[in-house]
Amino acid sequence: MTFKSHMSAALSEARAAGARGEVPVGAVVVDPDGQIVAQAGNRTRELNDPTAHAEILAIRAACALADSERLIGHTLYVTLEPCAMCASAIATARIARLYYGAADPKSGGVAHGARVFTHPQCHHVPEVYDGIAASESEILLRGFFRDRRTPSE
């Protein structure tokens, strides 16, 4: 099977999230046949829901479509290293592979911070691939936060 990255779809979701005033993070769930089955961008502000991260929303949608709480064999693409909450959801959903773009030294939960997948309480560890389209993800995030720090003229 030939590898096909779906990070461009996740980046599209991140751009849409940023346009809505959300932190520009996007996620895409791909089934074992390589088809996108769910995609989402952050909606925490819009929904007044601190759990409405792109990963959580995409996992919820994919689970609803699969009519299962498990996504065996599925892959998740996300533009930013998942936080501890999202990493826990990824493990609980039994996502097979995680591809993420930008590292998140401040709030990440995979390679930084909590490092959820390294704990003995973590019952499932996906294959993790980082740095996929990292520069595009970083540019989106930097621009979003820069625009919020720069006073309007």
Side-chain angles (χ1 to χ4, degrees), residues 1-63 65 71 73-93 95-118 122 125-153:
M1 182 164 123
T2 304
F3 172 75
K4 178 183 189 278
S5 175
H6 293 278
M7 192 59 85
S8 62
L11 283 163
S12 181
E13 288 292 334
R15 285 186 205 94
R20 291 190 303 271
E22 302 278 356
V23 174
V25 177
V28 173
V29 177
V30 177
D31 72 12
D33 295 325
Q35 301 302 308
I36 293 175
V37 294
Q39 51 194 59
N42 276 355
R43 292 188 181 273
T44 59
R45 291 182 173 101
E46 175 187 342
L47 299 176
N48 297 313
D49 180 355
T51 69
H53 290 198
E55 302 95 307
I56 299 292
L57 296 173
I59 289 169
R60 285 178 184 161
C63 284
L65 186 67
L71 296 171
H74 287 64
T75 300
L76 177 70
Y77 289 85
V78 63
T79 58
L80 181 65
E81 176 184 349
C83 69
M85 173 184 70
C86 293
S88 294
I90 291 163
T92 302
I95 299 281
R97 283 164 301 286
L98 166 65
Y99 294 92
Y100 70 85
D104 189 355
K106 181 180 174 192
S107 299
V110 176
H112 299 90
R115 293 184 172 98
V116 170
F117 302 139
T118 66
C122 185
V125 177
E127 297 173 26
V128 177
Y129 304 91
D130 63 351
I132 310 299
S135 61
E136 295 94 328
S137 299
E138 291 165 0
I139 288 167
L140 277 174
L141 289 159
R142 277 194 212 110
F144 177 83
F145 290 112
R146 179 193 62 237
D147 293 348
R148 270 132 191 89
R149 285 190 296 269
T150 305
S152 298
E153 299 177 284

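Heavy-atom basis, side chains included; hydrogens, waters and symmetry copies ignored.
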What's the spacing between [X] [atom1] and [Y] [atom2] if we round to 0.5 Å?
X	Y	atom1	atom2	value
Asp130	Asp104	CG	CG	12.5 Å
Ile95	Leu76	CD1	CG	5.5 Å
Leu65	Leu71	CG	CG	9.5 Å

Review point. For the residue pair Ile56 and Ala89, what are the closest heavy atoms and their distance?
Key: CD1-CB, 3.4 Å
Check your understanding: Of the non-hydrogen atoms in Gly26 and Ala14, which two are nearest, and what is the gap between them?
Key ->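 Between these two residues, the closest heavy atoms are N-CB, 3.5 Å.
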Using only atom types and a distance under 3.5 Å, with no angle test, would you say the side chain of [X] pairs donor to acceptor with the backbone of [Y]?
X	Y	result
Ser88	Ala84	yes
Asn42	Ala54	yes
Asp33	Gln35	no
Arg97	Gly73	yes
Ser107	Cys83	no
Glu81	Val110	yes

pair [X]-[Y]: side-chain heavy atoms closer than 4.5 Å:
X	Y	result
Arg15	Leu140	yes
Ser137	Leu11	yes
Arg20	Arg45	no
Leu80	Leu141	yes
Cys122	Thr118	no

Using the test side chain to side chain contact (heavy atoms under 4.5 Å, CB included), find all partners of [X] that sit at least two apart in sequence or belong to another chain.
X	result
Thr44	Glu22, Ala52, His53
Ala58	Ala27, Val29, Ala40
Thr51	Asp49, Arg60, Met85

Practice item. Fit a plane to each ring of Tyr77 and His6, take the angle between them on a 0 to 90° scale, and name the class: parallel (under 30°), tilted (30 to 60°) or perpendicular (over 60°). Key: perpendicular
